Colleague: 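My questions all concern the structure below.
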Amino acid sequence: MKEVAANFNAKVIECAVQEHWRTNDTYATVKQHRSTGKPFFFVDGPPYTTGTIHLGTAWNKILKDSILRYHRMNGRHVIDRAGYDMHGLPIEVKVEQALGFKSKKDIEKYGIQKFIEECREFAIRNKLMMDEQFINLGVWLDFPGAYKTVMPEYIEAAWWTLARVEDKGMLERGHRVVNWCPRCETAIADAEVEYADESDPSVFVKFPLKGRTNEFLVIWTTTPWTLPANVAVAIAKDFLYAKVLAKKDDKETLLWIAEPLVKAVLKKGRCKDFSIVETKKGAELIGWEYESPLASCVPLQREIAHKVLAADFVALENTGIVHIAPGHGWDDFVLGTKEGLAIVCPVDGAGKFKEEAGIFAGQYVRDSNENVLVALGDHLFAKETVTHRYGHCWRCKTPIIFRATSQWFLKISEMRELMLKEVEKVTWYPEWAGSARFYDWIKDARDWCISRQRYWGIPIPVWVCPKCDAYRVIATIAELEERSGKPLLDPHRPYVDEVTIPCTCGGTMKRVEDIFDVWFDSAVASWATIGFPGKTQDFENLWPADFITEGQDQTRGWFYSQLGASTIAFGKAPYKSVCMHGFALDAEGKKMSKSLGNVVTPEEVIAKVGVDVLRLYILSSSAPWDDLKFNWEGVGTINRAANILWNVYRFPVPYMILDKFEPANKAGLWDDAYIRANLSRMPDEDRFIISRINSVAATVDAATRECQLHRATRELINFILEDLSRWYVQLVRERMWIEGESESKHFAYETIYYVMRQLIGLLAPVCPHITEDIYQNLRCKNDPASVHLLDWNKGEPALVNAELEQAVGIVRSFDEACANARQTGKRKLRWPVAEVVVVTDSEPVKDAIGRRLNAVCKDRANAKTVRVVMGRWERIGWKAEPIMKALGKGFGKNSFAVKTLIETADGNLLKTEISAGRTVKLGNGNAVFDIGADHVTFAEQLPPEVFSSSMPDATVYVDVQLTPELEAEGYAREVIRRINEMRKQLNLAVEDFIVADVAVADERICALIQASWRTGIMEEVRARELSIHKTGAAVKTFEMVKDWDVEGVAMTIGISKAND
RNA sequence: GGGCCCGUAGCAUAGCCCGGUGGUGCGCCCGGCUGAUAACCGGGAGGUCAUGUGUUCGAAUCACAUCGGGCCCA
């Protein structure tokens, strides 16, 4: 055992521990040690490799690490491969920005090969940076062996999965409306759309009805640019529609609008005069034909037969008539498919109108809105601007458009039922994350568009024959090489694009150009991480995963993508349990964002308080699934708790070293045999703390098993502060100071050693560095080489003593009540008191304070005696207090006399009689009055210099009255304290001797101390010589002389170090 | 507009499932201890339990509505 640094310096400790782990390869040793245990298959949700980690990412890994460390200590062989998500649009966008690119054309010009190599380089660079940051957090995952979505084996897993999807008939090549980013020129998934406020025109447009003059349908839209693609309007069958005669500027028109909305619409069109000509049910409008108001300038529109249809999504909003452009809206598309409408889409991938859009050709759709309105001319009925939530590309923030294109889909909508069933089988922490949140999300799931028209991703392994249109899904690289007859250098674009396969029809199959949605990459992680399909053994033994944990945003992300892919490929969920965690917010509960300037980085926190405190803070301050409001004060509090842990650990070490203490062990291997064997002979405080640490262990174990790390950590912090520091250490101090051999001291050493060993074991998953540092200093020479090699303590019921814990609880309440009463009585703890009396009716209180822990009570209370009185303490008197209101009623003008009688009567006697239900006669000679229960109340009357305070089930009375003996002791204690203070100021060593002189101004006090305490003081301050005398006598020269005011008595104290 | 979660003293949290005096920590003020000491301990003040309505003898707790925050969706 070594001396321990006086100041707790987390950074120094953590650096040293990390270095120790590196040189001893501790992580590998721990894994090796557990390699024969029951497997615990964990899958790391792969963070995306852009830039540095933030507090939320840190939280995520800290949570994972703590839970996995717990399982390792419980003997599990943890599959702990880290993972990284390294493909996809976010990286492409970053690289594009770095290269100053504006569109896909720039990429093509630059060369796809060069471009993807840039992307690869970017991803790898970031991955290495993130490795380092995670390792600095103390996270023990397999980082060198991490799965990376860019590896050929990984890509193969995605390919294999798609082939499997195809086998199940769940892959569909379809011409559908998808979310489209016109900047990235690709389809994006629902999950990639971000909603933000956008300003758009809100317009009401008149569509002329065919064969009628001056009669129109009025529609509403916020996307005028979709009007060139209009093919129909939709109404609701059951709504009532009105034909309105509207007058404006002396012109009359006939307008069809849903009847309840007429007034509002005409107001927007500034028509003051109008009248309803006729009304019809929506059903009667079906089949009406109309013409496009853009027919003259958009050739495409002239070829379309526009008509009125019914649709159930039409709401009683705006005009009640909905513009339908099946090429540019999801509902429109579904309706169009059902009704056999033309799916027109005169917009290209870059969001520009094609030739068929006539005068708008070449214009960017959002820029063309104004031109469309101009072209509408008189058909524009009303126009205003709205700000509404609109979808944006998650990466480049460009407003998305809907566009009908040819894409590849996973038929999720057909899997919903099975997915919902599987969700129910998964254990969710918290329960509602699955049963409510995730369940609702899946209920509404649509088919998943998995194709992207981009470059940096897993190429979709589909080869199509241009001659016969047949396609083939390739499952593995080997299959591709075999069919193509050529080796594959790299399964990425553009290398894979060059590979062709002969078709059975004689044609040559070419790969479709698309790559996978990056969410599909991570969707296959649970089997890709164990090498499937390349290797199958681990898959058969391990899959599905025992546990995953990610943030609440992954409900629609990874929880979902994995479930979808897995349910199609294997018919079941890829995980058995899921813990959903929250987000890291700022102290006000707002999202941390660069623009708000409220971002706190993990580095900042680590720089101030170190990693373990950050870990303990994050895990203890909120439940995993609640959002974390980051708060520096809270961090400070946890740091203080860590500091107290350090002090508690440090406190006995010097004494143990001095005594060459070594805990009882067998051949250098420590266990708790000594504690078990000697427990019954140990002092109560030792048995208490041993019991407590085992109760705590049981609580911590139960909480951790349920992912309730906040409960586990709070329990541990509470134990350190309350039980260890504030209680046990206070009680055990004197035993540490015993010089020479002592069984009592030895018990204390063994106890505190045992408790520290158990405590650091329980704390090791959360604070891996501090506990390792402490363990390395405490371990016996043949003990396991790391705290992380220890077995978990679930709490040993045989060592738990509930009655004792309860008794100590009572004594601690007593302790607090004493302090309270002393404070009221203005008697410092240093000054002894003659007696403390506890009045109670409770047997447990009586037993704890009066018998079992009486010695502790006396010590804590600094009292000569502590005794318990059941029922009533004879020194407590009762004072009768008249109730004047009642006296006035009962005694009229004699009230005042009665009042005096009551006040001067013997309160005790009065109370006894009245409590027994009798009346008491009080008189002053001339008159006698009957006093009953109505007339008086009783107040407790304490003897002089007795002060009380209440505790649960009892009242504590402290008698602070001084006797000469008590006074002498009190002053003696004051002198001792001051001499010791001066010793410290002189920097004397604990074992140094001194000579001292005390001059006291008050003759009586001087005599008191002199008479009984001179020797006592000399012992306590290690004085060779001590003179106590009245002020004024000649004083020798001392190294230090100080004047003191001791409770109003002036003293001059001089001390010097004794020679020799 | 919809789903889920959260709202308790200046700050952070427990209690809510299963209704019966709202605990705790930090900070603040006062005090104690002085061989854990640039540490440690005690006491005190501080609460419309977001708001409103309902159920009930009784609501922080149950129900409904509103407001505010977060995540997700349309």
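All chains are named by letter (A, B, ...) in the order of the sequence lines, taking the proteins before the strands, and each is independently numbered beginning at 1. If you're wondering where the values come from, they're calculated on a predicted model, not measured in any experiment.
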Colleague: For A:Asp626 and A:Arg1022, take the nucleotide of RNA chain B holding the closest heavy atom to each; which residue's nucleotide lies nearer the 5' end?
Modeller: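 Checking each residue's closest nucleotide, the 5'-ward one belongs to A:Asp626.
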Colleague: Where the side chain of A:Asn631 is defined as all heavy atoms beyond and including C-beta, which of B:U34, B:G32, B:C11 is the nearest nucleotide?
Modeller: B:C11
Colleague: What nucleotide among B:G42, B:C5, B:C40 has an atom nearest to a side-chain atom of A:Ala819?
Modeller: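 Per side-chain heavy atoms of A:Ala819, the pick is B:G42.
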Colleague: Using a cut-off of less than 4.0 Å, is there contact between a side-chain N or O of A:Arg830 and OP1 or OP2 of B:U34?
Modeller: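 Checking A:Arg830 against B:U34: at least one side-chain N or O falls below 4.0 Å of OP1 or OP2.
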Colleague: For the residue pair A:Trp831 and A:Tyr971, is the inter-centroid distance of their aromatic rings smaller than 6.0 Å?
Modeller: yes
Colleague: Expressed in angstrom and rounded to an integer, what is the separation of A:Asp331 atom CG from B:A74 atom P?
Modeller: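 Atom CG in A:Asp331 sits about 12 Å away from atom P in B:A74.
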Colleague: Could you state the atom-to-atom distance from OH of A:Tyr439 to C1' of B:C4 in whole Å?
Modeller: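 These atoms are roughly 15 Å apart.
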Colleague: Provide the distance between the two C1' atoms, one in B:A39 and one in B:U34, to the nearest whole Å.
Modeller: 10 Å
Colleague: Which residue in the set A:Arg977, A:Arg983, A:Arg978 passes salt bridge (charged side-chain N to carboxylate O under 4.0 Å, His left out) when paired with A:Glu981?
Modeller: A:Arg977
Colleague: Taking the P atom of each, how far is B:U13 from B:G70, in whole Å?
Modeller: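 Between the two P atoms, the distance is 15 Å.
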Colleague: Does A:Glu3 come within less than 4.0 Å of A:Arg650, counting only side-chain N to carboxylate O?
Modeller: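 Salt bridge between A:Glu3 and A:Arg650, a charged N being under 4.0 Å from a carboxylate O: no.
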Colleague: Could you tell me if the ring centre of A:Trp441 sits under 6.0 Å from that of A:Phe438?
Modeller: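 Here the rings of A:Phe438 and A:Trp441 have centres that are no less than 6.0 Å from each other.
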Colleague: A:Ile400 CD1 to B:A74 C1': how many Å, rounded?
Modeller: 11 Å
Colleague: For A:Glu974 and for A:Ala623, locate the closest nucleotide of RNA chain B by heavy-atom distance; then report the residue assigned to the nucleotide nearer the 5' terminus.
Modeller: A:Ala623
Colleague: For A:Phe719, which of A:Thr699, A:Ile689, A:Leu645 qualifies under side chain to side chain contact (heavy atoms under 4.5 Å, CB included)?
Modeller: A:Ile689
Colleague: Using the C1' atoms only, state how far B:A12 lies from B:C49, rounded to an integer number of Å.
Modeller: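 The same atom, C1', in both gives a distance of 15 Å.
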Colleague: Taking atom C1' of B:U13 as reference, at what distance in whole Å does atom CG of A:Leu619 sit?
Modeller: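 From A:Leu619 CG to B:U13 C1': 16 Å.
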Colleague: Between B:G15 and B:G22, how far is it from one C1' atom to the other, in whole Å?
Modeller: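 It works out to 8 Å between them.
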Colleague: Quick one: pull up CG in A:Leu420 and NZ in A:Lys443 and give me the separation to the nearest 0.5 Å.
Modeller: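 Going from the CG atom of A:Leu420 to the NZ atom of A:Lys443 covers 8.0 Å.
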Colleague: Out of B:U34, B:C33, B:A14, which nucleotide sits closest to the side chain of A:Arg714?
Modeller: B:A14
Colleague: Using atom OH of A:Tyr649 as one end and atom P of B:C40 as the other, report the distance to the nearest whole Å.
Modeller: 18 Å
Colleague: Heavy atoms under 4.0 Å, any strand shown: does A:Arg983 hit a base, just sugar-phosphate, or nothing?
Modeller: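 Touches nothing.
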Colleague: Would you mind reading off the distance between A:Asp627 atom CG and B:G68 atom P, rounded to a whole angstrom?
Modeller: 18 Å
Colleague: Side chain of A:Trp432, heavy atoms from C-beta onward: which of B:C71, B:C5, B:U13 has the nearest atom to it?
Modeller: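 Between B:C71, B:C5, B:U13, the one nearest the side chain of A:Trp432 would be B:C5.
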Colleague: Are any side-chain N or O atoms of A:Thr713 and backbone N or O atoms of A:Leu709, one a donor and one an acceptor, separated by less than 3.5 Å?
Modeller: yes
Colleague: Determine the interatomic distance between P on B:U48 and the same-named atom on B:U8; round to the nearest Å.
Modeller: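 Comparing P positions in B:U48 and B:U8 gives a spacing of 13 Å.
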Colleague: If you check every side-chain atom of A:Lys629, which of B:C40, B:C33, B:A12 has the closest atom?
Modeller: B:A12
Colleague: Between A:Asp992 and A:Arg1024, does any side-chain N to carboxylate O distance fall below 4.0 Å?
Modeller: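 Looking at A:Arg1024 together with A:Asp992, the answer is no, because their closest N to O distance does not fall below 4.0 Å.
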Colleague: Which nucleotide sits closest to the side chain of A:Asn647: B:U37, B:C40, B:A39?
Modeller: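 Nearest listed nucleotide: B:A39.
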Colleague: Taking B:U21 as the reference, what is the distance to B:G47 when you measure between their C1' atoms (whole Å, please)?
Modeller: 14 Å
Colleague: Any idea which of B:C40, B:G70, B:U34 is nearest the A:Gln552 side chain?
Modeller: B:G70
Colleague: What contact category does A:Tyr655 fall into here, base, sugar-phosphate, or nothing, at under 4.0 angstrom with non-hydrogen atoms?
Modeller: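 The answer is sugar-phosphate, as A:Tyr655 gets under 4.0 Å only of primed atoms, P, OP1 or OP2.
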Colleague: For the pair made of CZ in A:Arg827 and P in B:G31, what is the distance, rounded to whole Å?
Modeller: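 Those two atoms, CZ and P, are 17 Å apart.
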Colleague: Using the criterion of both pairing distances under 3.5 Å for Watson-Crick and G-U wobble pairs, give all stems of 3 or more consecutive pairs involving RNA chain B.
Modeller: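 Correct response: B:1-7 with B:67-73, B:10-13 with B:23-26, B:28-32 with B:40-44, B:50-54 with B:62-66.
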Colleague: Check for me whether the distance between the ring centres of A:Trp180 and A:Phe402 falls short of 6.0 Å.
Modeller: no
Colleague: Between A:Leu628 (CG) and B:C71 (P), how many Å, whole number?
Modeller: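 Going from A:Leu628 (CG) to B:C71 (P), I get 13 Å.
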Colleague: With rounding to whole Å, what would you report as the distance between B:U51 and B:A9 at their P atoms?
Modeller: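 These two P atoms come out 10 Å apart once rounded.
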Colleague: With the criterion being N/O to N/O and under 3.5 Å, what pairs connect the protein with nucleotides 24-29 of chain B, and how long is each?
Modeller:
from, atom 1, to, atom 2, distance (Å)
B:C26, OP1, A:Arg640, NH2, 2.7

Colleague: Looking only at heavy atoms, which two atoms of A:Val956 and A:Ala817 are closest? And how far apart?
Modeller: CG2-CB, 3.7 Å
Colleague: Please classify the nucleic acid contact of A:Ser725 as base, sugar-phosphate, or nothing, using heavy-atom distances under 4.0 Å.
Modeller: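 A:Ser725: base contact, heavy atoms under 4.0 Å.
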Colleague: Classify the glycosidic conformation of B:G43 as syn or anti, calling it syn when the angle lies within 90° of 0.
Modeller: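 Anti.
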Colleague: Starting from the C-alpha separation in whole Å, work towards a yes-or-no answer on ring-ring contact (aromatic ring centres under 6.0 Å, His included) for A:His581 and A:Trp59.
Modeller: CA-CA 9 Å; A:His581 69 78; A:Trp59 180 3; 5.3 Å; yes
Colleague: Is it true that a side-chain atom of A:Glu685 and a backbone atom of A:Val732 form a donor plus acceptor pair closer than 3.5 Å?
Modeller: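 Checked: no pair found.
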Colleague: Taking B:U37 as the reference, what is the distance to B:G27 when you measure between their C1' atoms (whole Å, please)?
Modeller: 23 Å
